[in-house]
Amino acid sequence: MSLQTTPYKGARDFYPEEKRIQNYMFDTVKHTVELYGYEEYDAPILEPLDLYLAKTGEEIVNEQTYAFEDRGGRKVAIRPEMTPTVSRMVAAKRQELAYPLRWYSIPNLWRYERPQRGRLREHWQVNVDLFGIEGISAEFEIISVADAIFKAFGAQRSMYAIRLNSRKLMDYLLSEYLGLDDAEAGAIAKLIDRMHKMERADFVTKAEAIMTPLERENGVVERLLDILSIKTTKELPEIIRALPTVLELEHVLKLLDEAGISNANFDITLMRGFDYYTDLVFEIFDTDQDNNRSMMGGGRYDGLVGLFGVEPIPTIGFGLGDVTLQNFLRSHHLLPNIQTPTQIYVALVGEVFASAQKPITELRDMGLNVAVSAPGKKIGDQFKIAQKKGIHYVLIIGEDEIQNELFTLKNIVSGEEEKHSLERIVSIINDYRINDSY
RNA sequence: GCGGGAGUAGCUCAGUUGGUUAGAGCGUCUGUUUGUGGCACAGAAGGCCGUGGGUUCAAGUCCCAUCUCUCGCCCCA
């Protein structure tokens with residue numbers, strides 16, 4: 001029995017060409033969020049299992065978390081998300097941090113479940129969080145940052161939709177306006193979450209099954225359907241529209257619209273699961289039908305830092321998964337062809353390995369990325385290898401070059417070939433790289 | 001955890017109602033001589049047909065089981 005070469009189920013190998021894509025995506029994200037003043041942090045991949053039990057549903061922790069006992073008998077988990085960790089970090093230094101905090105990270109996360117399109121067991125997730133601002137300027141900023149990331153990749157507004165809702169609004173709607181008890185409200189909320197996946201009649205049947213006969217007689221299902229069909233906050237019943245959370249939501253939408261973010265809209269069917277969100281929630285969807293998934297989700301979670309026994313801190317943030325982001329970029333042809341960072345491939349001709357070291361070192365000292373071919377290969381093969389590696393320049397070093405201190409530089413894309421000094425070569429390559437950038 | 005689809009060369013796949021030594025394209029390697037690649041030509045390597053059992057004179061092909069991958073469901077941090 002031989003060893004497998006395939007990676008662990010639901011996890012990916014990143015060969016250099018794939019790692020380049022990931023680096024490009026993460027570098028673009030980092031650059032964008034840093035424009036807004038966000039700073040990178042990180043934390044261990046292992047956390048005490050308790051950290052997740054405190055705020056997440058039983059099923060998620062028990063069945064979808066990699067959890068085990070360490071050698072000291074402590075129950076630990078591989079982090080399935082970053083939000084509890086960052087809340088822990090903030091709580092630990094609650095008194096000494098300078099608010100507002102603008103923090104981001106790109107951790108790898110693990111969840112134990114069956115892989116499917118857009119969802120693997122290991123993925124990387126951009127986490128962007130803003131701590132310490134209570135008002136809607138935080139909502140406006142965090143959604144603007146999310147939007148800026150998509151714009152930084154060259155996405156058009158028609159390619160993605162930003163959907164907003166309010167958890168407080170939905171709580172009021174289900175318990176006060178429709179008069180459902182907690183269990184019913186929870187079940188209906190889950191149903192709403194996936195209503196776009198089912199037929200209307202199917203939704204009605206399932207909704208009726210959740211409600212009591214009396215509620216059905218009183219037309220609660222019809223009232224639910226009516227309210228779920230609305231497209232703007234203006235259509236909400238007057239009593240609901242006057243809620244502070246709705247006024248705030250309208251204000252955020254107005255600010256976004258004035259900022260040119262025209263693809264942000266109210267969506268009363270947006271639920272965002274059932275976890276720690278306390279007020280506004282939002283998601284970004286791919287408008288491409290083949291990738292009809294939430295790529296990014298977030299919202300306000302004012303209560304999480306307080307779980308660590310300190311005064312709560314108002315917080316809003318979002319997460320953006322690398323798998324769904326890459327699917328998005330691919331389906332909209334937004335992934336550039338990213339070159340190897342190696343700029344020159346040195347082809348040695350003849351017995352010059354030792355004497356070629358000096359010019360090679362000088363090139364590196366001047367900042368070029370230089371790979372040297374294996375000795376003893378024919379020059380034609382060395383061209384082939386350089387081409388296959390995607391390196392555009394081959395530098396030929398033989399007896400002749402070393403004697404004259406003029407080296408043969410060949411652009412294997414154009415086929416042009418000339419002899420130059422090392423300084424001239426550096427300048428040619430640097431100019432070429434600038435012109436060749438994405 | 002539940003369901004659909006698929007496993008044949010490194011990759012993408014063909015393989016007739018079961019019938020001799022298993023096929024193509026791409027890729028890899030070698031050569032068409034000596035410091036010039038891509039193109040072309042010639043050649044080579046590379047398969048327990050996912051694994052185990054069964055039916056049959058005969059199984060890549062049919063049946064059962066199992067494993068893996070994949071798409072969905074559940075769930076979604």
Side-chain angles (χ1 to χ4, degrees), chain A residues 1-2 4-11 47 51-66 77-87 107-127 189-191 193-194 197-198 271-277 281 283 290 292-299 301 304 317-321 323-324 345 347-352 373 377-402 407-419:
Chain A
M1 183 172 145
S2 61
Q4 296 272 344
T5 59
T6 50
Y8 176 74
K9 185 185 185 73
E47 290 278 6
L51 184 64
Y52 306 106
L53 292 171
K55 48 119 293 204
T56 321
E58 286 278 312
E59 182 186 344
I60 286 174
V61 174
N62 290 339
E63 298 177 21
Q64 299 196 337
T65 299
Y66 280 84
I78 303 178
R79 60 188 176 196
E81 57 167 330
M82 200 60 171
T83 305
T85 297
V86 70
S87 300
N108 56 334
L109 310 174
W110 286 80
R111 52 189 165 199
Y112 193 87
E113 64 180 340
R114 268 182 84 161
Q116 53 194 281
R117 178 176 165 82
R119 291 187 68 191
L120 302 175
R121 287 182 170 181
E122 184 191 37
H123 72 129
W124 274 256
Q125 190 184 58
V126 177
N127 280 257
K190 283 191 176 184
L191 193 59
D193 200 29
R194 53 198 169 99
K197 286 183 180 176
M198 60 181 81
M271 293 306 299
R272 290 293 305 149
F274 237 17
D275 44 21
Y276 41 69
Y277 293 112
V281 290
E283 287 191 346
D290 292 339
N292 189 20
R293 276 176 189 277
S294 161
M295 289 181 290
M296 158 196 288
Y301 55 101
L304 214 42
F318 65 81
L320 165 66
V323 182
T324 44
Y345 196 72
L348 301 175
V349 180
E351 301 298 316
V352 294
S373 79
K377 284 203 183 275
K378 290 192 294 189
I379 190 162
D381 291 337
Q382 308 200 48
F383 284 126
K384 282 190 202 166
I385 292 164
Q387 186 191 15
K388 187 163 183 188
K389 288 177 181 294
I391 303 168
H392 287 193
Y393 278 99
V394 172
L395 186 72
I396 301 165
I397 302 183
E399 304 287 355
D400 188 41
E401 281 83 0
I402 287 173
F407 299 87
T408 309
L409 181 68
K410 176 165 179 138
N411 181 320
I412 59 173
V413 178
S414 66
E416 288 171 23
E417 176 177 319
E418 274 187 304
K419 291 200 173 192

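Scope of the values below: all heavy atoms of this structure, side chains included, with no hydrogens, waters or symmetry mates. What you see is a predicted model; the values in this text were computed from it and never measured. Here is the naming used below: chain letters follow the sequence lines, and residue numbers restart at 1 for every chain.
- Between A/Ile385 atom CD1 and B/G38 atom C1' there is a gap of 14 Å when expressed in whole angstrom units.
- Searching all strands for a Watson-Crick or G-U wobble partner of B/C62 with both distances below 3.5 Å returns B/G54.
- Residue A/Lys410 has its side chain nearest to B/U36 when only B/G72, B/U36, B/A77 are considered.
- If you take atom P in B/C63 and the same atom in B/G18, they sit 11 Å apart, rounded to whole Å.
- Here B/C69 presents its P atom at 12 Å from CG of A/Leu120, a figure rounded to the nearest Å.
- At least one donor-acceptor pair under 3.5 Å links the side chain of A/Arg121 to the backbone N or O of A/Glu113.
- Across all strands shown, B/G27 forms no Watson-Crick or G-U wobble pair with both key distances under 3.5 Å.
- Between A/Arg119 and A/Val323 the shortest side-chain heavy-atom distance does not fall below 4.5 Å.
- Of the P atoms belonging to B/C11 and B/C67, the separation is 23 Å, rounded to the nearest Å.
- Look at the P atom in both B/U70 and B/A22: the space between them is 31 Å, to the nearest Å.
- Both A/Pro115 and A/Glu416 lie near RNA chain B, and the one whose nearest nucleotide falls closer to the 5' end is A/Glu416.
- The nearest whole Å value for the distance from the CZ atom in A/Arg111 to the P atom in B/G1 is 18 Å.
- In this model, no side-chain donor or acceptor of A/Gln116 finds a partner on the base of B/U70 within 3.5 Å.
- For B/U34, there is no paired nucleotide, since no Watson-Crick or G-U wobble pair has both relevant distances below 3.5 Å.
- When both distances must be under 3.5 Å, the Watson-Crick or G-U wobble mate of B/C39 does not exist.
- Residue A/Lys378 places its side chain closer to B/G31 than to any other of B/G31, B/A77, B/G38.
- If you check distances only, the side chain of A/Gln125 never reaches the base of B/A77 with a donor-acceptor pair under 3.5 Å.
- For B/C69, the paired nucleotide is B/G5, the pair qualifying as Watson-Crick or G-U wobble because both relevant distances are below 3.5 Å.
- Across all strands shown, B/U17 has no partner, as no Watson-Crick or G-U wobble contact with both distances under 3.5 Å is found.
- When rounded to the nearest whole Å, the span between CZ of A/Arg114 and C1' of B/C73 equals 10 Å.
- In this structure, the side chain of A/Gln382 engages the main chain of A/Lys377 through a donor-acceptor pair within 3.5 Å.
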